[in-house]
Peer 1: 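The structure that follows is given in the form of C-alpha cells.
All ligand and atom numbering here is 1-based and tracks the order in the structure.
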Amino acid sequence: MKERIEKVLVTEDEIRTRVAELGADITRDYAGKDLVLVGILKGSVVFMADLMRQIRMPLTIDFISVSSYGNKTSSDGTITLLKDLAVDIRGRDVLIVEDIVDTGSTLYHLQRLLAHRGAASVEIATLLSKPERRKVDVAVRYVGFEVPDEFVVGYGLDFNEHDRHWPFVGVLKPECYQS
Ligand code: 5GP
C-alpha cells in the first residue's frame, strides 16, 4: 500500500470522527421518518457500511449502480442504470450515499430519477466533495470533507478497481498512472 501513496488527504481517524458526526445529524434530521439509504456501487460501500452503523434509528438499505466514470451520461443526458433498486421507495425518505461529488452530474440525474418514482424526499450524503469541479448545481445535504481537485483513492474509491480497501483517502504517486 505505502509504496503507491503520494500523500494522505483524510486520515482514518478523521473519517471515523466525521462519519459519527454525520450519523448523529442524520439520526436527528430523520427522526420518525421511513429512511432508505441508497448506496451507489461500488464507491460508496465502505462509507455506507460505516455510516449506517452511526445512524441510531430504523432504516432500510439498498444499492444502485450507474454507468461508470467517464461514460456515465448517455446521449440524452440521463444516467444509465446498471443495477436498479430492489426496494420500493414510494412515499419513503431516500438518502443517497455517495463516495464523491465531482461535476455533480451523476447525482443530479439520480436524484431526479428517484424523486420521479414517488419518494417523499431524496437527499444526498457524500463522503467527499470537490467544489472546484462542480458543473451541475446539485444540493448535497451532508458532506464529509471537501477535497481539492486531485484524483483521490481509498475508503471505497478506486483507480482501475484498485485501492478501494485503503482505510484512508489519499493521492497516488504519479508512477501509478503510467503503464
Ligand atoms: P460526477 O458525476 O459528480 O462528475 O462524478 C461522480 C463519480 O465520479 C464518483 O462517484 C466517482 O465514481 C468518480 N470520481 C470523481 N472524482 C473522483 C476521484 O477523485 N477519484 C475516484 N476514484 N473517483 C472519482
Peer 1: Using a strict 4.0 Å cut-off to heavy atoms of E150, name the atoms of ligand 1 that fall inside it.
Peer 2: 19 (O)
Peer 1: Taking a cutoff of less than 4.0 Å between a non-hydrogen atom of the residue and any ligand atom, is K135 in contact with ligand 1?
Peer 2: no
Peer 1: Provide the closest heavy-atom pair for L41 versus K83 in the form atom of the first, atom of the second, distance.
Peer 2: CD1-CD, 3.9 Å
Peer 1: Quick check: G104 and ligand 1, any N/O pair under 3.5 Å apart?
Peer 2: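 Among all N and O atoms of G104, at least one is under 3.5 Å from an N or O of ligand 1.
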Peer 1: I'd like to know if the side chain of K173 reaches the main chain of E3, judged simply by a donor and an acceptor atom lying under 3.5 Å from each other, with no hydrogens or angles considered.
Peer 2: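 Flag set: sc K173 to bb E3 pair under 3.5 Å.
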Peer 1: Does I40 share a hydrophobic cluster with L113, counting links as ILVMFWY side-chain heavy atoms below 4.5 Å and allowing steps through other members?
Peer 2: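 The answer is yes; both residues are in one hydrophobic cluster.
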Peer 1: Give the atom numbers and elements of ligand 1 that come within less than 4.0 Å of a heavy atom of L157.
Peer 2: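 Once the distances to L157 are compared, the set is 20 (N), 21 (C), 22 (N), 23 (N).
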Peer 1: Are a donor atom and an acceptor atom from the side chains of T11 and R16 found within less than 3.5 Å of each other?
Peer 2: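 No donor-acceptor contact under 3.5 Å links the two side chains.
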Peer 1: Tell me whether the count of non-hydrogen atoms from other residues, nucleotides or ligands lying under 6.0 Å of CG in D149 goes above 12.
Peer 2: yes
Peer 1: Side chain, backbone, both or neither: which part of D99 has a heavy atom under 4.0 Å from ligand 1?
Peer 2: side chain
Peer 1: May I ask which of T106, T103, I100, L107 has a heavy atom nearer to atom 14 (N) of ligand 1 than the others do?
Peer 2: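 Minimum heavy-atom distance to atom 14 (N) of ligand 1 goes to I100.
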Peer 1: According to a 4.5 Å side-chain heavy-atom criterion applied to Ile, Leu, Val, Met, Phe, Trp and Tyr, with indirect links allowed, do Y142 and L107 form part of one hydrophobic cluster?
Peer 2: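 Different clusters.
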Peer 1: Of E98, K130, R133, which has the heavy atom at the shortest distance from atom 17 (C) of ligand 1?
Peer 2: K130
